[in-house]
Number of protein chains: 2
Amino acid sequence: MQLEKVTKTRKSDEKRRYEDACGLAHALDLIGERWAMLVLRELAYGPRRFSELRSDLQGISANVLTQRLTELEARGLVRKVKLPPPASVQVYQATEWGLEAVPMIASLGRWAARSPAHDPTLPMSHVSIIMSFQTLISPALAEGIDERVGFRLGDADYVVHVHDGRLDVMRADIENTRATFIGSPTEIAAVVHGGAPFDTIKVEGDLEFAGRFAKLFPLPPKVDAS
Amino acid sequence: MQLEKVTKTRKSDEKRRYEDACGLAHALDLIGERWAMLVLRELAYGPRRFSELRSDLQGISANVLTQRLTELEARGLVRKVKLPPPASVQVYQATEWGLEAVPMIASLGRWAARSPAHDPTLPMSHVSIIMSFQTLISPALAEGIDERVGFRLGDADYVVHVHDGRLDVMRADIENTRATFIGSPTEIAAVVHGGAPFDTIKVEGDLEFAGRFAKLFPLPPKVDAS
DNA sequence: CCGTATCCAATAAGATACTG
DNA sequence: CAGTATCTTATTGGATACGG
């Protein structure tokens, strides 16, 4: 019985690969399993704890999360780090190479937003909404802007910096920002991506600038059902 | 029994989605299932028949291929087309929107080629090797080149056009090319990506230019095992 | 509270044989 | 050739219990 089990475990780890030299096939061997890319997304802006990942990845079960993290670590995409004594908690951190995949999976997200089946009213994590800004920002509309904006999304704080038509993201305490948005990721998405009125969320600082900022992220056009 | 079956089918089609507004999660709902991105890859350069797909996607089983094609069609990524009378065969063709995802999954492939675990000696399809050229071409090295090159990969012919640091690809009869490479995808990959000597493949036309062409596609550096 | 390990039921994938 | 049908195996997710 013990022997059977070992065999089974080895198989689930390694057997299900595409035996294909194509880089894409290898990419899918690395991060193609269910939830793997979403785990990587959650690590895009800094290390996270197991329980944060579990609660932000709505619907993943603890054992699957453990397995994905273990696999990603074995493959060199994620490192398990123990924070120094005052905190002493264990966190999972994307490696530099793992982070290189993030812009690619993010643009897959922009591509998929063109789908008629995409439902933007579903819940989303704070990483997702911040990443959507970074991915959807229009360099043309953002031209000439050089400002910092804060986001308080539940208990996660971000500072984003618009400059040169791009958006830099930091997880950091909110200070020295021109404006700050406060609300749940879904509420803020409704305002910025869905054009909902500002009165469902809280905005501090320069309200006029906040209104301008919120228009920098046009959604890609839906595909026509052909 | 009939009723049970209907219920089962509905569930397998729709139940396993990530309930997440994030674009990436939706992308995975669309093309995240096993084999789906590889099917899309095979359709990158033109429509293909069921049996071609089955034999080029080494290891896929007929029922899974059927299911993936059906799903991709329902989601608007693939169209089932019947060619006009002389041929009268049925082919699968990527939609315009489906093709938009191809550059993104191709760059995932370039990213994954940095993995220490990537094994370039495994078999690969003719689409894969052509796509690797398109993805890996170095604009700097290709500067000033404006030439057409042919590839005869088994019974698949391609003409690629290097210009302005890019590579355009057509599936077409080989004519008016400066050079033509003849061999299996794996053999040609060994020469171009692996630096193997030219004597394992056949090259026609301007051999000196062929040698220069073969150096335009540097592999990305491997990640160091940290 | 932070994870891990284990058991169980539901699905998805794989292998093979078969039909129009 | 283009798929179906059927059976077997593997993976997933949910619940629960366990160790630090």
Side-chain angles (χ1 to χ4, degrees), chain A residues 1-2 4-20 25 28-29 32-39 47-73 78 80-83 87-92 155, chain B residues 1-2 4-20 28-29 31-39 42 47-73 78 80-83 87-93 155:
Chain A
M1 185 171 169
Q2 215 177 14
E4 278 176 41
K5 239 183 187 167
V6 169
T7 309
K8 260 185 137 178
T9 305
R10 175 128 33 91
K11 277 189 179 176
S12 26
D13 274 5
E14 298 301 341
K15 178 109 179 268
R16 204 124 173 222
R17 290 183 311 198
Y18 304 103
E19 300 287 340
D20 188 333
L28 296 173
D29 286 337
E33 279 127 338
R34 197 164 159 75
W35 295 106
M37 294 193 206
L38 299 179
V39 170
R48 310 287 304 277
R49 306 180 62 161
F50 187 93
S51 52
E52 294 179 293
L53 294 172
R54 191 181 176 184
S55 70
D56 286 347
L57 294 168
Q58 279 276 12
I60 197 172
S61 55
N63 49 7
V64 172
L65 179 54
T66 300
Q67 198 181 325
R68 281 308 93 89
L69 289 169
T70 308
E71 291 160 356
L72 292 174
E73 192 188 5
V78 164
K80 214 167 171 172
V81 176
K82 187 139 193 156
L83 294 184
S88 273
V89 295
Q90 182 162 278
V91 294
Y92 297 88
D155 50 5
Chain B
M1 185 172 168
Q2 216 175 16
E4 279 176 42
K5 237 183 185 168
V6 170
T7 309
K8 261 185 134 178
T9 306
R10 176 129 29 91
K11 278 190 179 174
S12 28
D13 273 6
E14 299 301 340
K15 181 109 178 267
R16 200 110 175 235
R17 291 183 312 199
Y18 303 103
E19 299 288 337
D20 187 333
L28 296 172
D29 287 337
I31 54 170
E33 281 127 336
R34 196 163 161 76
W35 294 106
M37 294 193 206
L38 299 179
V39 170
E42 286 300 314
R48 311 287 303 278
R49 306 179 64 160
F50 187 93
S51 52
E52 294 179 293
L53 294 172
R54 190 181 177 184
S55 69
D56 285 348
L57 294 168
Q58 278 277 10
I60 197 172
S61 54
N63 50 3
V64 172
L65 178 54
T66 301
Q67 198 181 326
R68 282 305 95 87
L69 288 168
T70 308
E71 291 161 355
L72 291 173
E73 192 187 7
V78 164
K80 213 167 169 170
V81 176
K82 187 138 193 156
L83 293 185
S88 273
V89 294
Q90 181 163 277
V91 293
Y92 296 88
Q93 180 179 41
D155 51 4

Gap between atoms [atom1] and [atom2], on [X] and [N] respectively (whole Å):
X: A/L57; N: D/dG14; atom1: CG; atom2: P; value: 13 Å
X: B/E73; N: D/dA2; atom1: CD; atom2: P; value: 15 Å
X: B/L65; N: D/dC1; atom1: CG; atom2: P; value: 14 Å
X: A/R17; N: D/dA10; atom1: CZ; atom2: P; value: 16 Å
X: B/L69; N: D/dA2; atom1: CG; atom2: C1'; value: 11 Å
X: B/Y18; N: D/dT12; atom1: OH; atom2: C1'; value: 11 Å

Verify the contact: side-chain N or O of [X] to OP1 or OP2 of [N], cut-off strictly under 4.0 Å; return yes or no.
X: B/Y92; N: D/dG3; value: yes
X: B/R49; N: D/dC1; value: no
X: A/T66; N: C/dG3; value: no
X: A/K80; N: C/dT4; value: yes

List in chain and number order the residues that pass side chain to side chain donor-acceptor pair (under 3.5 Å) with A/D20, two or more places apart in sequence or in another chain; answer none if no residue qualifies.
-> B/R41
For the helix from C/dC1-D/dG20 to C/dG20-D/dC1, what is the angle between the axes at its two ends, each from 5 pairs, rounded to 10°?
-> 30°
Please confirm whether the backbone N or O of B/G32 pairs with a side-chain atom of A/R34, one donor and one acceptor, at under 3.5 Å?
-> no
Hey, does the side chain of A/R17 reach the backbone of A/A25 with a donor-acceptor pair shorter than 3.5 angstrom?
-> no
Heavy-atom contacts, protein to nucleotides 13-20 of chain C, under 4.0 Å, summarised as B (base), S (sugar-phosphate only) or - (none) per nt, yield SBB-----
Would you please name every residue forming a salt bridge (Lys or Arg N to Asp or Glu O under 4.0 Å) with A/R54, sequence neighbours left out?
-> none
Test of understanding: with side chain to side chain contact (heavy atoms under 4.5 Å, CB included), list the residues that count as partners of [X], not counting sequence neighbours.
X: B/E73; value: B/K80
X: A/S55; value: none
X: B/Q58; value: none
X: B/T66; value: B/F50, B/T70

Value for CG (A/L38) from OH (B/Y18), rounded to nearest 0.5 Å, stands at 5.5 Å
